[in-house]
Number of protein chains: 2
Amino acid sequence: MKDILAVTKALADESRLRALMALSGGELCLCQIISVLELAPATVSKHMSLLYAAGLVERRKEGKWHYYRLPGREASPAARQALRWVTEHLEGSKVIAADVRKCCAARAADPEDLTGCYCGTT
Amino acid sequence: MKDILAVTKALADESRLRALMALSGGELCLCQIISVLELAPATVSKHMSLLYAAGLVERRKEGKWHYYRLPGREASPAARQALRWVTEHLEGSKVIAADVRKCCAARAADPEDLTGCYCGTT
DNA sequence: CTTATAATTCGTTAATTAGCGAATTGACGT
DNA sequence: ACGTCAATTCGCTAATTAACGAATTATAAG
């Protein structure tokens, strides 16, 4: 019960759903997620820790950057199914579409600044 | 986004998950859900209204009883998938098993008192 | 060694929400 | 009509949690 509840609680927040959808375009480091959500670093850090604790994202440290990504096979079946549910039913959302645009626009303006942002284009 | 968030928020509470799992055994009226959860009527009523608003349960009034059940085809795809996810990953839970036992024991002791409680046996 | 950048932890505030008792509504039986 | 039982609504309190700024840790660059 506890692990399932951790997943549902992690998904019960708009900012965290937006973060997950941003990651569906590929790996992002925390500062990029911050710029997408337009929230304070401390806030986003906590959101991502919560998603990590629920098994809904993986992390990777590279230098001073902490990269987050959606998990693959290493994720629990519950987490993988939940993520499939979220991405499937949130694709048409306006808020999400705006986030994706923001992410890609920033990358086009200064690719060096957003090396980790694939936005589905690689 | 709003409807998806309504579902995740509805699922992000242990009492509501227990209520849904109790309903996976069949239709129950509110007072039966109350006796399973051992919470105040007002509290359970609010929980069920929230689940209803999220499209995760259906209602039916019969006299002074209000029956709740898991939805069938009338539910949105998002709700149906979410319910499948919940029941699949919560079946082995200890808390849930205890709830089911309680529900069936009460029915055996006084069948007349729990006519709506099928507990999977009809 | 010092500075700058990325991220986290900590402490606080504001908002949300679970829970309850009391009062209310609705339906049944007497 | 009256009392009763099921359920809801209302008002309140306690607990949870989202959000932030400030302080801290960690890594890289000058």
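As the structure is a computational prediction, the values presented were derived from the model and not from experiment.
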Which pair of heavy atoms, one from A:Pro77 and one from B:His89, lies closest together, and at what distance?
-> C-NE2, 3.9 Å
With distance as the sole test, does A:Thr43 use its side chain to make a donor-acceptor pair with the main-chain N or O of A:Leu39 at under 3.5 Å?
-> no
Integer-rounded Å distance: D:dT17 P and A:Glu14 CD = 18 Å
From the candidates D:dA18, C:dG19, C:dG26, the one with an atom nearest any side-chain atom of B:Lys64 is C:dG26
Sequence-distant partners of A:Glu74, side-chain hydrogen bond (donor to acceptor under 3.5 Å, both in side chains), two or more places apart | none
Between D:dA7 atom P and B:Lys61 atom NZ, what is the distance in whole Å?
-> 11 Å
If you pin A:Ala42 and A:Trp65 to their nearest nucleotides in DNA chain C, which one's is more 5'?
-> A:Trp65
Using whole Å, report how far CD1 of A:Ile33 lies from P of C:dA6.
-> 14 Å
Considering just the side-chain nitrogens and oxygens of B:Ser45, establish if one lies under 4.0 Å of OP1 or OP2 belonging to D:dA7.
-> no
Testing D:dT8, C:dA18, C:dT8 for proximity to the side chain of B:Arg59, the answer is D:dT8
Can you check the B:Ile34 CD1 to C:dC20 C1' distance for me, whole Å?
-> 13 Å
When the distance from CG of A:Leu37 to C1' of D:dC20 is rounded to whole Å, what number comes out?
-> 15 Å
Polar contact flag, side-chain donor to acceptor under 3.5 angstrom, B:Arg60-B:Tyr67 | no
Side-chain N or O of B:Lys46 less than 4.0 angstrom from OP1 or OP2 on D:dA7?
-> no
A:Leu50 CG - D:dT17 C1' separation (whole Å) = 10 Å
B:Leu39 CG - C:dG21 P separation (whole Å) | 11 Å
Does A:His66 put a side-chain nitrogen or oxygen below 4.0 Å from OP1 or OP2 of C:dT8?
-> yes
Would you please test A:Glu14 and A:Arg16 for salt bridge (charged side-chain N to carboxylate O under 4.0 Å, His left out) and show each step?
-> CA-CA 5 Å; A:Glu14 177 162 347; A:Arg16 288 193 288 269; over 6 Å; no
Closest of C:dT8, D:dA7, C:dG19 to the B:Cys29 side chain is D:dA7
Candidates C:dT8, C:dG19, D:dA7 - which lies nearest the side chain of A:Tyr68 | C:dT8
Would you mind reading off the distance between B:Leu5 atom CG and C:dT17 atom P, rounded to a whole angstrom?
-> 9 Å
Sugar-phosphate only, base, or nothing, as touched by B:Ser49 at under 4.0 Å among non-hydrogen atoms = nothing
Nearest to the side chain of B:Ala40, which nucleotide is it out of C:dA7, C:dC20, C:dA18?
-> C:dC20
